[in-house]
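For reference, the structure is listed below as structure tokens.
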Amino acid sequence: MANREQALLLEPAGELRFKGPFTDVVTADLNLTNPTDKRICFKVKTTAPKRYCVRPNSGILEPKKSIVVAVMLQPFDYDPTEKNKHKFMVQSMFAPDNVVDNHEVLWKDAPPESLMDTKLKCVFELPDGVQQQTMTSESSKTVDTVAHYSESTLEDTARKAESPKRTASSTSNDELKKLQHDYKKAQAEIQSLKTENEQLKNEGLRLRKVAMSESIMSTPSHPTPASSSTVRAFPPVVYIVVAILLGLIAGKFLL
């Protein structure tokens, strides 16, 4: 159910303006007027109770009467970039005919349909000179931030551009060292193979000499040409002829 239309007249009606600098308490006045013939109870609420002091913050307004409510903003460090979301609400209801001793109980027991409320937003303002100085300061900070960001970006870009070069240079040095190591290793292996080849060659020569020596020692001796001719001078036929001749001579002597 929608609340009833506000019976009180508020001035200002839509917003409370606080003019800085905010190094001290800043007060904004809120005028409440009861244009009716009935007594009206009112209460002032805020979304930031620790930042404001309201006097009076509640009461009963007699018919055709007005009251000034002082809304005091406590000192704080003003930041123009901070979005202000503070709000106030003036809540009201018609007071009962009998005397009310405890207003808290009255508000607690009030039916929702009897309540009326008006919301106001808070606006922070700086003096023209201070506002211009603040804006200039903020612009300077923004420029410095952009410049710093640009410098940082350029430095990062330069480092990123140099990084591949350093990586390539490091990679080339590593590859060169690896090639030199492989070259030295290959030279050592070639020298080792040459030494082994020389040893095998010498061993082969030695084995061939030993084999030739053993072959000469094991070969049988052949007769000289003179002895061969002597043997050939007395073949078996000669012995037969001599035997026959001897037999004939012996037969003659016997006869």
Side-chain angles (χ1 to χ4, degrees), residues 1-139 141:
M1 180 183 294
N3 291 344
R4 298 175 59 179
E5 184 179 355
Q6 178 66 266
L8 294 175
L9 298 178
L10 280 66
E11 179 61 35
E15 60 186 22
L16 292 174
R17 290 187 172 272
F18 299 89
K19 195 167 185 177
F22 303 99
T23 56
D24 200 356
V25 177
V26 181
T27 303
D29 291 335
L30 175 62
N31 294 307
L32 303 180
T33 301
N34 180 4
T36 69
D37 296 330
K38 297 181 180 180
R39 302 165 67 221
I40 296 179
C41 298
F42 71 90
K43 180 185 290 188
V44 182
K45 298 180 178 180
T46 178
T47 57
K50 294 182 179 180
R51 299 285 294 273
Y52 298 91
C53 182
V54 181
R55 293 290 183 272
N57 61 353
S58 63
I60 296 178
L61 191 59
E62 298 296 330
K64 312 297 182 180
K65 297 293 182 178
S66 298
I67 190 172
V68 176
V69 176
V71 181
M72 292 168 280
L73 173 63
Q74 303 305 305
F76 71 103
D77 294 330
Y78 177 67
D79 183 1
T81 62
E82 179 183 1
K83 292 183 179 180
N84 177 32
K85 297 181 180 180
H86 300 170
K87 291 182 176 62
F88 276 84
M89 181 174 69
V90 177
Q91 199 171 37
S92 64
M93 66 178 175
F94 289 105
D97 295 334
N98 58 315
V99 178
V100 179
D101 295 329
N102 192 331
H103 288 184
E104 292 297 328
V105 175
L106 177 64
W107 285 102
K108 183 178 180 181
D109 295 340
E113 61 271 13
S114 66
L115 299 178
M116 300 170 283
D117 60 66
T118 302
K119 296 179 181 178
L120 302 94
K121 66 179 182 178
C122 299
V123 178
F124 295 163
E125 292 181 339
L126 283 174
D128 294 338
V130 177
Q131 186 171 6
Q132 182 66 29
Q133 183 179 359
T134 303
M135 292 177 63
T136 303
S137 176
E138 290 300 321
S139 300
K141 289 181 180 178

Write down the atom of [X], the atom of [Y], and the distance for their closest heavy-atom approach.
| X | Y | answer |
| --- | --- | --- |
| D29 | P12 | O-CD, 3.6 Å |
| L73 | F18 | CB-CD2, 3.8 Å |
| A7 | T36 | CB-CG2, 4.3 Å |
| S114 | P111 | OG-O, 2.6 Å |

Output the distance between atom [atom1] ([X]) and atom [atom2] ([Y]), rounded to the nearest 0.5 Å.
| X | Y | atom1 | atom2 | result |
| --- | --- | --- | --- | --- |
| T33 | L61 | OG1 | CG | 7.5 Å |
| C122 | R17 | SG | CZ | 11.0 Å |
| M72 | T27 | CE | OG1 | 6.0 Å |
| D109 | E104 | CG | CD | 11.0 Å |

Q.
Strictly by ring pair (Phe, Tyr, Trp, His ring centres under 6.0 Å), give each pair with a member in residues 19-42 just once, sequence neighbours left out.
A. F22-F76, F22-Y78, F22-F124

Q) Could E125 and K19 be called an ion pair, given the rule that one side-chain N must be under 4.0 Å from one carboxylate O? A) no

Q) Any Lys/Arg nitrogen of K64 or E62 sitting under 4.0 Å from an Asp/Glu carboxylate oxygen of the other? A) no

Is the closest side-chain heavy-atom distance between [X] and [Y] below 4.5 Å?
| X | Y | result |
| --- | --- | --- |
| L120 | L10 | yes |
| I60 | R39 | yes |
| Q91 | L115 | yes |
| Q74 | R51 | no |
| E5 | M116 | no |
| C41 | H103 | no |
| L32 | L30 | yes |
| I40 | L8 | yes |

Q) Could you go step by step and tell me if R4 and F94 meet the side-chain contact (heavy atoms from CB on, under 4.5 Å) rule? A) CA-CA 11 Å; R4 298 175 59 179; F94 289 105; 3.4 Å; yes

(Q) Is there a side-chain contact (heavy atoms from CB on, under 4.5 Å) between V123 and N84? Walk through the geometry before answering. (A) CA-CA 7 Å; V123 178; N84 177 32; 5.7 Å; no

Q: Please check if atom CG in D77 has more than 12 non-hydrogen atoms from other residues, nucleotides or ligands closer than 6.0 Å.
A: no

Q) Yes or no on side-chain contact (heavy atoms from CB on, under 4.5 Å) for S92 and K43, after CA distance, side-chain angles and deciding distance? A) CA-CA 6 Å; S92 64; K43 180 185 290 188; over 6 Å; no

Q. What do the steps show when you test H86 against K121 for side-chain contact (heavy atoms from CB on, under 4.5 Å), and what is the final call?
A. CA-CA 6 Å; H86 300 170; K121 66 179 182 178; over 6 Å; no

Q. Only one of V69, T118, L16 forms a side chain to side chain contact (heavy atoms under 4.5 Å, CB included) with F88, so which one is it?
A. L16

